[in-house]
Amino acid sequence: FGHGETSAAIVKSERVIENHIPTEDLFIVGEKKVIPSIICLMPSGDYVIDPTAYQIAKSTNFGVCFKAPILGNERHEIISSTNKELFQKFITLTYESIISGTDNPLHSDINGNRDFNVYIACPSGWTENQIKAYKSFIINTCKSPVADIVKESRAAYIATRRKVSGGIRTQGGNTLVIDFGSSTIDFTY
């Protein structure tokens, strides 16, 4: 759930070989693998993720850019109650859209049993208490089965381990990951 855009990927554990972590981007809405982090509340009471400009103009309320934490501190202001409600709907509808996508290799039955674990990234600057509050919000309020929350810098590190044409993948040694985000730059060593 990004500041400007949201995307999802799957890592199939049986395909991980040594330090190569192949990921596969998932469809979120239709044939889109990346959507803007925007949700609209329409006059009908329906919520729309990935809205058109027309839907945004006609909406009674909309939320964008969900980076404020559930638990604030001196560095990060707490999310507003309006954005918290919109973010809850955004998380819920995005998750439902991903798992219901017929082109995605995820399996879930009517009892909620699934053959995958869900990990969500959060800003690297969040404290452990902010991460715990975020995880609790996603599990208890959004009813999304999250195994854990991963800092964005760690997610960027995992992305560097993907096997891509060219590039160097070390079997040891050190790696510096510089993640240029839309509002921050994160460094992981």
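Numbering of residues begins at 1 and proceeds along the displayed sequence.
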Visitor: Check the hydrophobic clustering (I, L, V, M, F, W, Y; side-chain heavy atoms under 4.5 Å; chains of links allowed) and say if Val146 and Ile99 are grouped together.
Guide: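 They do share one cluster, since a chain of ILVMFWY contacts under 4.5 Å joins Val146 to Ile99.
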Visitor: Are Ile131 and Phe1 connected in the hydrophobic side-chain network, where two residues link if heavy atoms are under 4.5 Å apart?
Guide: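 The answer is yes; both residues are in one hydrophobic cluster.
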Visitor: If you count heavy atoms of other groups shown closer than 6.0 angstrom to CZ of Phe62, is the number above 12?
Guide: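 Open: at most 12 neighbouring heavy atoms sit under 6.0 Å from CZ of Phe62.
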Visitor: Minimum heavy-atom separation for Ile98 and Asn104, please, with both atom names.
Guide: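 What the structure gives for the nearest pair is O-ND2, 2.8 Å.
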Visitor: Could you tell me whether the side chain of Asp148 and the main chain of Tyr119 form a donor-acceptor pair under 3.5 Å?
Guide: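 Not a single qualifying donor-acceptor pair exists.
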Visitor: Would you indicate whether Lys33, at its atom NZ, is surrounded by more than 12 heavy atoms from other residues, nucleotides or ligands within a distance under 6.0 Å?
Guide: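 Buried by this count: over 12 neighbours within 6.0 Å.
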Visitor: Find the distance between NZ (Lys135) and OG (Ser144) and round it off to the nearest 0.5 Å.
Guide: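 These two atoms lie 13.0 Å from each other.
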Visitor: Hey, quick one: are Leu26 and Ile49 part of the same hydrophobic cluster, counting side-chain heavy atoms closer than 4.5 Å, chains of contacts allowed?
Guide: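 Yes; tracing contacts between hydrophobic side chains, which count when under 4.5 Å, links both residues.
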Visitor: Less than 3.5 Å apart, any donor N or O on the side chain of Thr92 or Gln88 sitting next to an acceptor on the other?
Guide: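 On atom types as modelled, these side chains qualify, holding a pair under 3.5 Å.
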Visitor: Would Asp50 and Val48 count as a side-chain contact (heavy atoms from CB on, under 4.5 Å) here? Give the steps.
Guide: CA-CA 7 Å; Asp50 190 31; Val48 178; over 6 Å; no
Visitor: Walk me through it: do Lys132 and Phe137 pass the test side-chain contact (heavy atoms from CB on, under 4.5 Å)?
Guide: CA-CA 9 Å; Lys132 286 179 188 175; Phe137 172 71; over 6 Å; no
Visitor: So how far is it from Cys142 SG to Lys89 NZ, rounded to the nearest 0.5 Å?
Guide: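 Those atoms lie 9.5 Å apart.
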Visitor: Is it true that a side-chain atom of Lys143 and a backbone atom of Ile138 form a donor plus acceptor pair closer than 3.5 Å?
Guide: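 No.
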Visitor: Do any N or O atoms from the side chain of Ser59 and from the backbone of Ile56 form a donor-acceptor pair under 3.5 angstrom?
Guide: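 Yes; judged by distance alone, with no hydrogens or angles, the pair exists.
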Visitor: Answer yes or no: is there a donor N or O on one side and an acceptor on the other, between the side chain of Thr94 and the main chain of Phe90, under 3.5 Å?
Guide: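 Checked: pair present.
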Visitor: Does atom CD (Gln55) have a neighbourhood of more than 12 heavy atoms from anything else shown, all under 6.0 Å?
Guide: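 Yes, because the 6.0 Å sphere around CD of Gln55 holds more than 12 heavy atoms from other groups.
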Visitor: Working to the nearest 0.5 angstrom, can you tell me the gap between Glu85 CD and Ile79 CD1?
Guide: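 It is 11.0 Å, given to the nearest 0.5 Å.
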Visitor: Calculate, to the nearest 0.5 Å, the distance between atoms OG and CD1 belonging to Ser136 and Ile149 respectively.
Guide: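 One finds 10.0 Å between OG of Ser136 and CD1 of Ile149.
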Visitor: Atom OH of Tyr47 and atom CD1 of Ile39: how far apart are they, to the nearest 0.5 Å?
Guide: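 Answer rounded to 0.5 Å: 7.0 Å.
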Visitor: Say whether Leu93 and Ile139 are linked into one hydrophobic cluster, either directly or through other cluster members, by side-chain heavy-atom distances under 4.5 angstrom.
Guide: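 Linked, Leu93 and Ile139 end up in one cluster.
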Visitor: Any donor-acceptor pair under 3.5 Å linking the side chain of Asn117 with the backbone of Ala147?
Guide: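 Such a contact is absent between Asn117 side chain and Ala147 backbone.
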Visitor: Just verifying a value: how many Å separate Ile38 CD1 and Glu5 CD, rounded to the nearest 0.5 Å?
Guide: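 CD of Glu5 is found 10.0 Å from CD1 of Ile38.
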Visitor: Say whether Met42 and Val64 are linked into one hydrophobic cluster, either directly or through other cluster members, by side-chain heavy-atom distances under 4.5 angstrom.
Guide: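 No: no chain of side-chain contacts under 4.5 Å links Met42 to Val64.
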Visitor: Give a yes-or-no answer on whether the side chains of Thr127 and Asn129 include a donor-acceptor pair shorter than 3.5 Å.
Guide: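 On atom types as modelled, these side chains do not qualify, holding no pair under 3.5 Å.
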Visitor: Report the C-alpha distance between Val118 and Tyr95 in whole Å, list the side-chain angles of each, state the deciding distance to 0.1 Å, and finish with yes or no for side-chain contact (heavy atoms from CB on, under 4.5 Å).
Guide: CA-CA 10 Å; Val118 178; Tyr95 175 74; 3.8 Å; yes
Visitor: On a heavy-atom basis, which atom in Ile28 and which in Ala8 lie closest, and how many Å separate them?
Guide: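 Nearest heavy atoms, Ile28 then Ala8: CD1-N, 4.0 Å.
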Visitor: Provide the closest heavy-atom pair for Lys151 versus Trp126 in the form atom of the first, atom of the second, distance.
Guide: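 The pair with the smallest heavy-atom distance is NZ-O, 3.4 Å.
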